[in-house]
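Computation of the quantities below employed the complete heavy-atom set of this structure, encompassing side-chain atoms and omitting hydrogens, waters and symmetry-equivalent molecules.
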Amino acid sequence: MNRPVLLVIAHGSRDPRHAATVQALVRRAGALRPGLRVETAFLDFNLPSVTGVLDRLAADGVRDVVALPLLLTRAFHAKADIPAVLRQAPRRLRIRQAEVLGPSPLLIAAVERRLYEAGLTPGDKSSTGVVLASAGSTDPEAIAVIAETARELRRTGWCSVRPAFASASLPLTEDAVQALRTDAGVRRVAVAPYVIAPGRLPDRIAAGAAAADVLADVLGPSPELAALLMERYDGATARATDRVAAVG
């Protein structure tokens, strides 16, 4: 039985670093599963488009596709934009939309990897406050997930962790940095961008981190993120198999 094609759907950006980072991540994920066909598409700004890739897959004779939103939370893009564009796919394609990436322990591990790469060590945890800075959203579910992710990161041993946002929500990154300065026990403040790839909003996070002691990199093509893509792919294919078994 042929495995479904994995179609990773990213938002896209005018910043060329965004597409390059997404492609690097998808290549790393694909390397974990030799023989699996993996494609990348973008909702906006970059090519190939989602509809373009779906048309090409149908022309190639593909029947089954797992569409994986390259998103950390279930905000508007996952709930509306991606389902809408998938509904425009050629009718011969059977498409399953995988779950978004967050929440997941692998994301916590990726954040910590970036903090350590920025110069911190596990021994610094008890005296370091972390601002977990995401792009921002008006979706209450997405905001709640970011807050819970910050709590999970705190449970790994950091002195204090505060969520922050680049837009659409409060507090802003710079305000969370200043707030951590007043926390008892915090000797240094680190900003961990909770975003996948560079772009306008990650640049805004970096600007807001000017008063921090440490600024970590975006999550990017980390091994944890690559493994998470495969985990979400496997989850989508397993759900389909369960449905078939139930019908049988």
Side-chain angles (χ1 to χ4, degrees), residues 11 13 15 17-18 21-22 24-25 28 70-73 75 100-137 142-183 185-229:
H11 180 268
S13 170
D15 189 321
R17 298 173 298 167
H18 176 91
T21 301
V22 168
L25 171 60
R28 186 163 200 168
L70 196 63
L71 301 168
L72 298 177
T73 63
V100 297
L101 300 181
S104 168
L106 286 169
L107 288 171
I108 300 294
V111 168
E112 292 201 303
R113 171 185 292 275
R114 295 305 188 219
L115 286 167
Y116 296 150
E117 289 173 348
L120 296 172
T121 69
D124 295 324
K125 279 188 168 186
S126 62
S127 58
T128 301
V130 177
V131 175
L132 186 71
S134 74
S137 174
I143 298 300
V145 168
I146 297 298
E148 178 57 29
T149 301
R151 288 191 289 269
E152 288 296 324
L153 183 61
R154 169 69 180 82
R155 293 184 187 112
T156 68
W158 298 95
C159 180
S160 181
V161 179
R162 291 177 179 247
F165 307 93
S167 69
S169 311
L170 295 175
L172 299 176
T173 303
E174 52 267 38
D175 296 330
V177 169
Q178 293 304 322
L180 276 177
R181 292 290 185 197
T182 67
D183 274 15
V186 173
R187 298 178 187 172
R188 69 187 66 79
V189 176
V191 173
Y194 193 61
V195 293
I196 294 173
R200 178 176 58 87
L201 293 179
D203 284 349
R204 191 176 296 177
I205 290 172
D213 302 295
V214 175
L215 172 62
D217 201 357
V218 299
L219 300 177
S222 64
E224 294 84 3
L225 219 58
L228 183 54
L229 263 62

Do the side chain of [X] and the main chain of [Y] share a donor and acceptor less than 3.5 angstrom apart?
X	Y	value
T173	A164	no
S104	L101	no
K125	T156	yes
R17	P198	no

For a quick check under 3.5 Å, do T128 and R188 share a side-chain donor-acceptor pair by atom type?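 On atom types as modelled, these side chains qualify, holding a pair under 3.5 Å.
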Between I196 and L72, does a side-chain contact (heavy atoms from CB on, under 4.5 Å) hold up when you go through it step by step? CA-CA 8 Å; I196 294 173; L72 298 177; 4.0 Å; yes
Option among T73, I108, V161 that satisfies the side chain to side chain contact (heavy atoms under 4.5 Å, CB included) test with T149: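 One option only clears the test, and that one is I108.
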Would you mind telling me which of D213, V214, L115, V177 makes a side chain to side chain contact (heavy atoms under 4.5 Å, CB included) with V191?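 Looking at D213, V214, L115, V177, the match for V191 under the side chain to side chain contact (heavy atoms under 4.5 Å, CB included) is V177.
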Pair [X] + [Y]: basic N to acidic O under 4.0 Å:
X	Y	answer
D124	R187	no
E174	R181	no
E224	R114	no

Exercise: identify the closest heavy-atom pair between [X] and [Y]:
X	Y	answer
A110	S222	CB-OG, 3.7 Å
A209	L215	CB-CD1, 3.9 Å
L107	G102	CD1-CA, 3.5 Å
D15	G199	OD2-CA, 3.7 Å

Heavy atoms, side chains only, cut-off 4.5 Å: are [X] and [Y] in contact?
X	Y	result
S127	V186	no
F165	L132	no
D183	C159	no
R28	P223	yes
Y116	P122	yes
R204	S167	yes
Y194	I205	no

For R162 and L180, what are the C-alpha separation, side-chain angles and deciding distance, and is it a side-chain contact (heavy atoms from CB on, under 4.5 Å)? CA-CA 8 Å; R162 291 177 179 247; L180 276 177; 3.7 Å; yes
How far apart are the C-alpha atoms of L106 and L225, what are their side-chain angles, what is the distance that settles it, and do they pass the side-chain contact (heavy atoms from CB on, under 4.5 Å) test? CA-CA 7 Å; L106 286 169; L225 219 58; over 6 Å; no
Could you walk me through whether L70 and L25 pass the side-chain contact (heavy atoms from CB on, under 4.5 Å) check? CA-CA 10 Å; L70 196 63; L25 171 60; 3.9 Å; yes
With rounding to the nearest 0.5 Å, note down the distance linking CD1 in I146 to OG in S137.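 Going from the CD1 atom of I146 to the OG atom of S137 covers 8.5 Å.
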